[in-house]
Each structure stands twice: as C-alpha cells, then as structure tokens.
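By convention here, the first residue in the shown sequence is residue 1. All values below come from the heavy atoms of this structure, side chains included, with hydrogens, waters and symmetry mates left out. First listed ligand is number 1; within each ligand, the first listed atom is number 1.
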Amino acid sequence: MTQILNQEHVNQAAEWLRSAQKIVILTHMAPDGDAMGSALAMYHFLTGLQSSIFNLQSSSLEGRSGGVRVTLITPNSFPAFFNWMPGADKVCIYESAPQKCDEIIAQADLFICTDFNDPKRINPAGDKMAANPAPKIVFDHHILVPDTPLSNPQTPVLMFSLPSSSSACEVVFRFMSQLSTINSQLSTEIATCLYTGLMTDTGNFSYNSTNCELYEIVAELIRAGARKDEIYNAVFNQYSVDKVRLAGYALYRKMRIYPEYHLALITLTADELDLYHYQTGDTEGLVNEPLQIASVHYSVFMREERAKPGTTRSRIRISFRSQGDRPVNVWASEVFHGGGHANASGGEMFGSIPQAVRLFEQSFPKYIKKE
Ligand code: 5GP
Ligand code: MN
C-alpha cells in the first residue's frame, strides 16, 4: 500500500503519543460512524494492548509510570445504533457534563482530533481546546478550514488529512500502518471501529470508494477480526419503528421536487419530529433517499431544533447531498454557514423552516446547475 502520510510527521506524532500522559480524543458534533469509528479506534489504540505498536526505540505506553489517561469526548450524544461499538460506553458527552469535560480538556497534554479540522464544529469544546497550548494531532478528510487554531502553522499541530480519501478511518488506518508494521497486530476492536467508519462514510461502499487501496484496507480489517456483515446489521438494521415511520412520512408527505434542477427538498419541523418521538440519529440517512430517484441529483434535508431556553429562534440543521460533478459545499458554506465535501455538506441557520426554505429557494439557482 502506498505510504501517503508524511513519514516525518508520523514519527513526530509517535513521539507525542509516547510522551503524553493525559490524552483527550475529540470528534465532531452529531457524531456519525466515521467520527465514532476513528475516535474509538484511537481510543483502543492508546488504551488497549496495542502498546507493542510503540516498539519504536523500545519505549511503550505500558512502560510509563503513573499510567496514561485517555478520554474520548463527543460534543453531544451519538445515535443509539452506535451503542454496540466497542468502547462506546466509555465516551464522555460534553453536553451532558460540560464542567467535567472542561476540566479534562484544560488538563490535557495532547489532543487527538478525528473527522474534523474546524474547532467551531465542536464548540464550546473547540474554544476550550484552543485555549490549551498542548500539541494536537488531527486525522481528517475534509478540506482544511483556514484561520483556525488547527490550521495555524505557529501552533504545534500535526495534520493528517486526505480530502480525497474515503473517511477519517482510512486516514487513521494509514497512520497506524505507517507507525510500524502493525497490520497483523490490529486488534479486533480497532478493526471493527475502523471498518464501521469506512462503511458508513462510503454508504456501504457505494460512493467515495473507487480507490482500490480501500479494499486492501478492508481486507486487512477483516483479517484482523472485523465482522463486516454483523457490523452492517448492527448499524443499519436496528432502527426503531418510529425512525422508519418518520422516514416514510418524510418521503410521502414532505418531499418536494424541483424538476428543472433535479433537486429534492425534505423539511421536518420540531412538531413533526415530536410526533415520531425523535431521537438523535432518527433522520440519519434520510437525505440520501431522494437520490434513489433517477431524475434527482441533488438532495437537501432541513430539520428544526427548538430554540434553547433563553433564546428565541429555532436552529435549522441542513444537509446537502449530490451525485457526480455537482458540488454543494460552496452553497452550504456561503449561504448556510457550513461546508463539507463536494457531494456531502452541512450547514445551519437560525429561524423557522419557512424562512430556511425561502433562503434555499432564493439561493439554489446560483449554486446548482440547471441541466
Ligand atoms: P451531515 O449532512 O451528515 O450533517 O453532514 C455531511 C457532511 O457535511 C459532514 O460529513 C461534514 O463534512 C459536513 N458538515 C456538516 N455540517 C457542517 C458544518 O456545520 N460545517 C462544516 N464545515 N461542515 C459540515
Ligand atoms: Mn468522515
């Protein structure tokens, strides 16, 4: 396999990992399979019996006195269909324990950031992380957001980011492979977590997955114990009745097609979500559904979150998806304060669903092609 990551940076990261005592792993808001997989894989890598990986100059994690504390923090809760992931029960959720997490972040002597490079995507934890000058290692596959504490060359940051790769999990795998000859030593836990991210970020290998090396990685992960069919079943076939009915309602009653633009829009208000007892993750994947229609090449989904106490306006979360050479990230970034990949982006605005739809309808002719 091609060694794509800068080997000097890999060696430097190994040094940082070896000398750190209080490591904090962070991943992005509303964690998806890639976020959970990459963060948990690093968690297992650092806490498990993987210390042999650090055979570089015979120093090892286990060999250090005093023990090493590794904490994985997600900004908010993750969907229940990731509860089965090894280590998911160890995750600290910032939103549920902000003071405790602030303390852990303030004490950290090394940060590992996975599946994001803009600290704003993990706020308020991002600001707290930026306030701590400890070194940071990033494993990501998004275009680098400029002018952030993670993109500042003056700060100690090692950025392992391959925007052309399938997933942050692929980047983590490549990192682990370049650390030493560890493929045969990948634990089942690490392999399971990494496979989960590869699978979810490629829609079970239906997009972003033409690079043949990806299948070499899959082979390694299966060899190391990842049970691919069971992982698929655990993630995609364990939904609640409400989630499936909500998707049915959204497609039947709430999908609007703009035929000249090959565009679909689905919106769900907070009241509608209440009717189906919405839980985190219940609308995951919904934005992809309209792309099954032959004439639809762009799909947008808007979800209303009620105003938080002390605020007046709802937050509208917006997901953008497209197929082929039809980027949506500039639209997401310029109009909806977000960004992302060319074919999968996100953003937000504050206001009502009708206001968001108005902004959407005013802006799409500028950003998408009439074909
Ligand atoms: P989703 O629609 O699943 O929430 O997000 C799809 C992709 O868009 C994510 O994987 C991420 O790359 C990107 N994304 C989502 N929300 C944001 C955002 O607020 N800012 C940026 N820069 N990217 C986002
Ligand atoms: Mn990802």
What about the rings of Phe236 and Tyr232, do their centers lie closer together than 6.0 Å?
-> yes
protein heavy-atom neighbour closest to atom 15 (C) of ligand 1 works out as Gly346 CA, 3.3 Å
Between the side chains of Asp282 and Tyr239, is a donor N or O closer than 3.5 angstrom to an acceptor N or O?
-> no
Enumerated ligand 1 atoms positioned under 4.0 Å from heavy atoms of His142 | 10 (O), 11 (C), 12 (O)
Of the side chain and backbone of Lys120, name the one, both, or neither that has a heavy atom under 4.0 Å from an atom of ligand 1.
-> neither
His28 contact mode with ligand 1 (heavy-atom cut-off under 4.0 Å) = neither
Any N or O of Phe320 that comes nearer than 3.5 Å to an N or O of ligand 1?
-> no
State whether Asp34 contributes an N/O/S atom found under 2.8 Å from the Mn ion (ligand 2).
-> yes
Short N or O distance, Arg317 and ligand 1, threshold 3.5 Å exclusive = yes
Closest approach to the Mn ion (ligand 2) by Asp201, given as the N, O or S atom name | OD2
So is there a nitrogen or oxygen of Glu284 less than 3.5 Å from a nitrogen or oxygen in ligand 1?
-> no
Would you mind naming the N, O or S atom of His141 nearest to the Mn ion (ligand 2)?
-> NE2
Given the rule in the side-chain hydrogen bond (donor to acceptor under 3.5 Å, both in side chains) test, do Tyr258 and Glu361 qualify, once you have shown the distances and angles that lead to the verdict?
-> CA-CA 10 Å; Tyr258 300 81; Glu361 288 184 339; 2.6 Å; yes
Nearest neighbour of atom 5 (O) of ligand 1 from the list Gly347, Ser345, Ala344, on a heavy-atom basis = Ser345
For ligand 1, which atoms sit closer than 4.0 Å to a heavy atom of His341?
-> 12 (O)
Are Glu170 and Ser167 close enough that a side-chain donor and a side-chain acceptor fall under 3.5 Å?
-> no
So, do Thr196 and Met85 sit near enough that their side-chain heavy atoms are less than 4.5 Å apart?
-> yes
Contact region, Glu348 to ligand 1, non-hydrogen atoms below 4.0 Å, reads neither
With distance as the sole criterion, is a donor-acceptor pair present between the side chains of Asn343 and Ser322 under 3.5 Å?
-> yes
Check the side chains of His141 and Asp115 for a donor-acceptor pair under 3.5 angstrom, ignoring hydrogens and angles.
-> yes
Closest protein heavy atom (residue, atom, distance) for atom 3 (O) of ligand 1 | Arg321 NH2, 2.9 Å
The atoms of ligand 1 lying under 4.0 Å from a heavy atom of Gly338, numbered in the order shown, are 18 (C), 19 (O), 20 (N), 21 (C), 22 (N)
The N/O/S atom of Asp115 lying closest to the Mn ion (ligand 2) is OD1
Which of the numbered atoms in ligand 1 are below 4.0 angstrom from a heavy atom of Ser319?
-> 1 (P), 2 (O), 4 (O)
Answer yes or no: does an N/O atom from Gly339 fall short of 3.5 Å to an N/O atom of ligand 1?
-> yes
Could you tell me whether His337 and ligand 1 have an N or O pair separated by under 3.5 Å?
-> no
Side-chain donor-acceptor pair under 3.5 Å between Tyr207 and Gln323, yes or no?
-> no
Just checking, any donor-acceptor pair under 3.5 angstrom between side chains of Thr114 and Ser38?
-> yes
Would you kindly say whether Glu304 and Ser314 are connected by a side-chain donor-acceptor distance under 3.5 Å?
-> yes
Could you go step by step and tell me if Phe301 and Phe320 meet the ring-ring contact (aromatic ring centres under 6.0 Å, His included) rule?
-> CA-CA 7 Å; Phe301 167 59; Phe320 302 80; over 10 Å; no
Are Gln3 and Arg174 close enough that a side-chain donor and a side-chain acceptor fall under 3.5 Å?
-> no
